[in-house]
Amino acid sequence: MATKGNGLGQAFAPVLAAVATMQGNAPRAEKAHAHEFLEKFQKSVQSPRHSAYVQLLWPRLTQLLLEAKLFAATTLKGKITYDLDQLPADSLPELRDSILNLLTVYASGPRPIQTQLCVCLANLAIQMTTWKDVLGTVGSTLGSTAGDCVLEFLKILPEEVTEGRKINLSEEDLATRTRELLDDNAEQVLRLLTQYAQSSASAATNPRLIDCITSWLREIPASQIVESPLMNVILKALDDDSSFDSAVDCMCAIYRDTREVDDCLPTIQNLYPRLVALRPKLREAAEAEDVETFKGLTRLFAEAGEAWVVLVARLPSDFRGLVETVLECCARDREREAISYTFNFWYELKQYITLERYAEARAKFADVYSQLVDVMIKHLEFPTPEGNETDLFDGDREQEDRFRSFRHSMGDVLKDCCAVIGVTECLMKAYRLVQQWVSKYAAQASNEHVPHWQELEAPLFSMRAMGRMVEPEESTVLPQVIPLIVQIPDQEKVRFSAIMALGRYTEWTAQHPETLEAQLNYVISGFQHRSQEVVGAAALAFKYLGTDCAKLLGGHIPQLHSFYESVIDKLKPQSQEEVTEGVAAVVAVQPLDKIYESMKLFCDPLMARIMNLANNAKDEQGQRAVADHLQLITIFVQVVAPYVGPGQENPAVKYCGEILPIMSTLVMNFTTSTPILERVCRCWRYMVISYRTAMIPLLPSLAQTLAAGFEASKEGCFLWATDAVVREFSEGAESVDRATSDAVYHFFEQQTVVFLRILNDLPPEQLPDLIEDFFRLASDAVRYYPKQCITSSLAVPIFSAGLSALTLQQVDPLIATLHYYRDLLSFGFDTPPVSDFTGPDGQPYTNPPEVRTAVKQLLGAQGQLLVQRVLTGMMFSFPGDCFPDASGALMTLFELMPQEAGAWVQSTIQMLPAGTMKPGEAERLMKNISDKVQSGETRKIRALLQGSQGSIS
C-alpha cells in the first residue's frame, strides 16, 4: 500500500484493514465487527484530527482503496460537523483551502467523494463565521477548474444550513449565519445560475443545475424562478432524459412553494398554461410505452393539482384542463405504475367540492368523477395470464402483494367518487358491468370454467370497496344487486369477492330481511369451498351477518348451533374467532331468561374441546390449540354482556362461575405455557370488564387464582388481569362497598410482594414484559388508590424497582415505568392532573397533606437516583420514543422541587465520564439550568435537556 512505512499509514492501518474487510469476501461476522469498529472510530473523540483525513484524500495515495478515501471524506465531514471546536480558529482557513484544493483534484469524480467534500465545505462555511465571502471564494477557486463542483456546493449549502441544528452553534449565531449565507446571497445565486444556464446548450440540461435550483427554492421565491429565464430551462430539461427526473422534482418543488394560492396567484397564472402545454407529451409517452416518462409527467400534473386544489375548487372552468389531464393520466396508465400519484389529488379535490360553498365545482366535475369510476373499476381487474390460469403473476409474489394493496387504494378513490356523484350512480356502474358479463358469458360459465372472470370480479370488488359509503336505506341498486350476487358462479376469486361484498352490506340486509336467507345460504355454502381464501371470506361475512342481523337470527339458535358445531373444527383460528363473534352476537340478543342456556349450549362443547386438547397438549402446538379455543370462550364473554337490573343474577356471570374452576385448573397444570396462561388471563380480564360489579361474588376465587397463578408462573399476564380488577373495584367506584375495595387493594399488595421477590432473584434484562405489566398495574394503583399506595410500606420498594427497570433499553417497559413515575409525582401537588376522582361536592380531587408529604419524602430519599437514571438514560440508552415521558418526569420534578432537582441534575452531570460532553458544554448546561430554576422558568429546562443531546460525544 502507498502509505506503508509512513506515520499516517500506520495510524490508519486498522481503519484501512476494516474498510478492506467490508469490501472483500470476508465472513459476515468479520464484516459486522469491521462495521462496528468503523462506526466507533468515526465517533471517537480520540480519532485522528482533520488534517489526517485531508492527507488520506490526496491523489498521491494512488493505491488506497476508493472506499477508504470515501470513508476518509465521510469521517472528515463528521469531524467538521461535530468536532470543529477542537481546532484553533486560526487553522480554519488552512482547512478550508485544503478542502477547496481537494475539490479541484476530484472535479471529475468520483461523485460520492466530491459530494462529501462539498458537505464538508458547507459545514465549515456555516461554522467559520469570519468567512464572509463564501460564494465569491468558492466561485473564484473552483469556477474554472472544478467543473460541476460549484453547482454541487451551491446545491448542498441550503440543505446543510437547514439542518444546522446539529452544528454546535447557538440559535442566535445560526440565525445570523443563515441570513449571511442564504438570504443575503439569494439574488446573487439566481443570477449565477441564470448565467450558467445560458453559457452553453449542455449547461441548460445539466441535472446538477436543476437540482441546484430545487435546493435554492428554500430561499428564492418560486415567483422569481417562474418569471426568470430559468423557468424555460426547467421546462426544456423535461425533454432531456438525463435531466428529466431532476426537472420533475424542481417543478414539484415550485408547486409546493405556491400552495398559498391567494399570495401566489400571478405565479400560478404564469405557470399553469406552460404546464397544460405538456399534455401532448403525456400522450406520446403513453403511446411509446415509455413508463418512466409517463410516471414523471403524471406526478407533474397530480402534484400541481394537489398544490392548487383550492383554486381548482374555486375556479372549476379555468382549471378543468388540469383535472381532465390527471384523469387522462389514470386512463392511459396501462401498466398501473403511475396512477398512485393521483390518489391524493382525487381525495383532496373531493374534500373541497363536497362542501356547500363549492357546489358549482362539484356539478362541473361530476362527469370527470363519473369517468373516474369507470377507469378505476377497469384497473381493478386481475391480469390475464398467458399461460397458467392458476398463477396470475407468473410466480412473482411481490408483484401480487403490490397489486392487492394497490386495489385497496383504488377502492378508496371509488369512495371519493361516491362522495362526489353519489353512491347510487357509482353502484349502478358496477351493477351494469356485472349485468354485461352475465348477458355475454353466463351461458358459457361452469364451476370448472368461468370465461373472462376478471371482468366480473372487478365490479364485485368495487361494490365491496364502496360498501362503507352505502346507507342502509339505499333502495335503487342493492335490491337488484344482492339477488344477482348470490347467483355468481364458483370461480375462486369471483366467489371470494362476491362473499366479501355481501359482508359489506349486512347493515342494509338487516333492514331488508327478505334477502337474508339467500345471502346466509350463499355464505354458509362458502365454508365447503376448496379454497381457504373463500372459506376465510365466508367466516368474515358470517361474522358481519351475525353481528348486524342478530335480531333477525335470534329465533334460530338450534340451527346456528348445528352449523357452528359442523364447521368450527375445520377452520383456521382467525376464522374460528370470526364465526364465533357472529354466533355470540345472536346469543347476546336472546331474552334474559334464555341467555344462560344459549351460552351453555355453545360454550360447553368448547370447554369439552379445551379439556380434551389440554389432556393431550404435549407440545407447543398442542398448547397453542388449547389457547386458541380459550379465545373463543373469551369472545362469548366480550360479546354476551346483558343488562341486568339491581338484585338480579347475571346469567352470563352464572355461566362464568361454572367454568372458572376449570380455568383455574388449567392455569395450575400449565404454569410454563405462556399462550394458555395469557388466554386464560385475557378471559378473566374481560369477565371483569364486561360484567363489572356483577362479578363481585366470583371475586374472591378469581383473586386467589390470579395470585396463585402469578406466584407459580411468574408471567406478567396475571398482573394484566389484576389491573382490570384494580380499575373496576377501586374505592369510590359505583356499587363497590368499602370492604370489597379494601380487599382489592390488599390483593394488589399481595401481587406486588411476589413481583418484588421475582425482581430480587432475576436481573431486569430477563423480565422486560413482566416489568411492563407490573408498572402499568402500579400506575393504576397510584391513580385509583393514591393514599394507600403512596403511604404504604411498599412505596419505597416499588420506587426502587422502577430505578432498576430504567436500566433497560426496550421501549415498552421503559415507558410503563416512566408513566408510573409521572403519575406518582403528580400526587405531590394539591390537585393531581392524573386523578380519576372528584370530591363529594363534584370538585376535582384534592390531595390530603400526608400524600403530598409522602411523595416528597420518597423523592428526598431517592430523587437523586431517579434523576441519574432518567438523565443518563436520555443521554445514552433510552430509545427516542421514551424522551417525551423521560423529560416529562424531569419537568414534574423541577415543578415539585426545583432547587433539589437542579442540584440532582448538576450532580449527575458532574459524575459523567470525562469526554462525555464537549468541552465547556457541561458547565454551560448546569449554569443555564440554575438560571432557569432561579428565575422560576422551569418549563424551559426541557428544551435545555433535549438540546444537550447534540453535545454528547
Would you call Glu678 and Arg682 a salt bridge, using N to O less than 4.0 angstrom? no
The single option from Thr722, Asp773, Leu770, Val667 that satisfies side chain to side chain contact (heavy atoms under 4.5 Å, CB included) with Phe710 is Leu770
I need the minimum non-hydrogen distance between Phe718 and Trp684, along with the two atoms involved. CE2-CZ3, 4.3 Å
Main chain of Asn612, side chain of Asn616: is a donor-acceptor contact present, judged purely on distance under 3.5 Å? yes
Arg692 versus Phe729, closest heavy-atom pair with distance: O-CZ, 3.4 Å
Hey, does the side chain of Ser690 reach the backbone of Val637 with a donor-acceptor pair shorter than 3.5 angstrom? yes
At their closest point, which heavy atom of Thr547 faces which heavy atom of Glu581, and how far apart are they? OG1-O, 4.4 Å
Under 3.5 Å, side chain of Arg783 to main-chain N/O of Asp823, donor-acceptor pair present? no
dist Ile595:CD1 -> Tyr655:OH (nearest 0.5 Å) comes out at 14.5 Å
Ring centroid separation for Tyr785 and Phe748, is it under 6.0 angstrom? no
For the aromatic rings, using the six-membered ring if either is Trp, is the centroid distance between Phe563 and Phe527 under 6.0 Å? yes
More than 12 heavy atoms of other groups within 6.0 Å of Lys594 NZ: no
Ser779 backbone acceptor or donor facing His819 side chain under 3.5 Å: no
Can you tell me if Asn760 uses its side chain to pair, donor with acceptor, with the backbone of Leu756 under 3.5 Å? no
Heavy-atom count around Glu597 CD within 6.0 Å, excluding the residue itself: above 12? yes
Is there a salt bridge (charged side-chain N to carboxylate O under 4.0 Å, His left out) between Glu772 and Arg776? Walk through the geometry before answering. CA-CA 6 Å; Glu772 177 190 351; Arg776 291 194 188 283; 3.2 Å; yes
Atom CG of Asp742 and atom CG of Asp737: how far apart are they, to the nearest 0.5 Å? 9.0 Å
In this structure, CD1 of Ile790 is separated from CG of Asn847 (nearest 0.5 Å) by 6.5 Å
Looking at side-chain heavy atoms only, is the closest gap between Val754 and Ile758 below 4.5 Å? yes
Tell me, with the steps shown, if Asp628 and Arg624 meet side chain to side chain contact (heavy atoms under 4.5 Å, CB included). CA-CA 6 Å; Asp628 289 339; Arg624 176 63 64 182; 3.8 Å; yes
Atom pair CG (Asp881) and CG (Asp812), whose distance is rounded to the nearest 0.5 Å: 9.0 Å
Using side-chain heavy atoms (C-beta onward) and a distance below 4.5 Å, is Arg757 in contact with Val753? yes
Should the pair Phe775 and Phe755 be assigned to parallel (<30°), tilted (30 to 60°) or perpendicular (>60°) ring geometry? perpendicular
Of all heavy-atom pairs between Ala795 and Cys789, which one has the smallest distance, and what is that distance? CB-O, 3.7 Å
Taking C-beta and beyond as the side chain, do Tyr821 and Thr892 meet within less than 4.5 Å on heavy atoms? no
Atom CD of Gln621: over 12 foreign heavy atoms under 6.0 Å: no
Testing the basics here: between Ala707 and Gln750, what is the closest heavy-atom pair and its distance to 0.1 Å? CB-NE2, 3.6 Å
Report yes if the side chains of Met874 and Ser887 come closer than 4.5 Å at any heavy-atom pair, otherwise no. yes
Are the side chain of Tyr784 and the backbone N or O of Tyr745 linked by a donor-acceptor pair below 3.5 Å? no
Evaluate Val653 against Glu649 for side chain to side chain contact (heavy atoms under 4.5 Å, CB included), listing each step before the verdict. CA-CA 8 Å; Val653 173; Glu649 183 183 36; over 6 Å; no
Polar side-chain atom of Thr807 near backbone of Leu803 as donor-acceptor pair, under 3.5 Å: no
Is atom CD of Gln648 surrounded by more than 12 heavy atoms (other residues, nucleotides or ligands) closer than 6.0 Å? yes
Should we say atom CD of Glu577 is surrounded by more than 12 heavy atoms from elsewhere, each under 6.0 Å from it? yes
Calculate, to the nearest 0.5 Å, the distance between atoms OG1 and NZ belonging to Thr671 and Lys714 respectively. 9.0 Å
When you compare the side chain of Met663 with that of Ile633, does any pair of heavy atoms fall below 4.5 Å? yes
Test side chain to side chain contact (heavy atoms under 4.5 Å, CB included) on Ile659 and Cys603; report intermediate values, then the result. CA-CA 9 Å; Ile659 62 175; Cys603 291; over 6 Å; no
How about OH on Tyr544, more than 12 heavy atoms from neighbouring residues, nucleotides or ligands closer than 6.0 Å, or not? no
Is Gln751 close to Val726 at the side-chain level, that is, under 4.5 Å between some pair of heavy atoms? no
Are any of the side-chain heavy atoms of Glu578 and Ser575 separated by less than 4.5 Å? yes
Step-by-step side-chain hydrogen bond (donor to acceptor under 3.5 Å, both in side chains) determination, Glu715 to Thr674: CA-CA 7 Å; Glu715 288 281 351; Thr674 300; 2.8 Å; yes
Side chain to side chain contact (heavy atoms under 4.5 Å, CB included) between Leu824 and Phe799: does it pass, once the steps are laid out? CA-CA 9 Å; Leu824 175 69; Phe799 196 103; 3.6 Å; yes
Between CG of Leu632 and OG1 of Thr580, what distance do you get to the nearest 0.5 Å? 4.0 Å
Heavy-atom side-chain proximity of Ser730 to Val736 below 4.5 angstrom: no
Looking only at the side chains, is there a donor atom on one of Ser792 and Glu749 sitting less than 3.5 Å from an acceptor on the other? yes
Between Ala721 and Leu706, the two heavy atoms sitting closest are CB-CD2, 3.7 Å
More than 12 heavy atoms from other groups under 6.0 Å of CD on Gln704: no
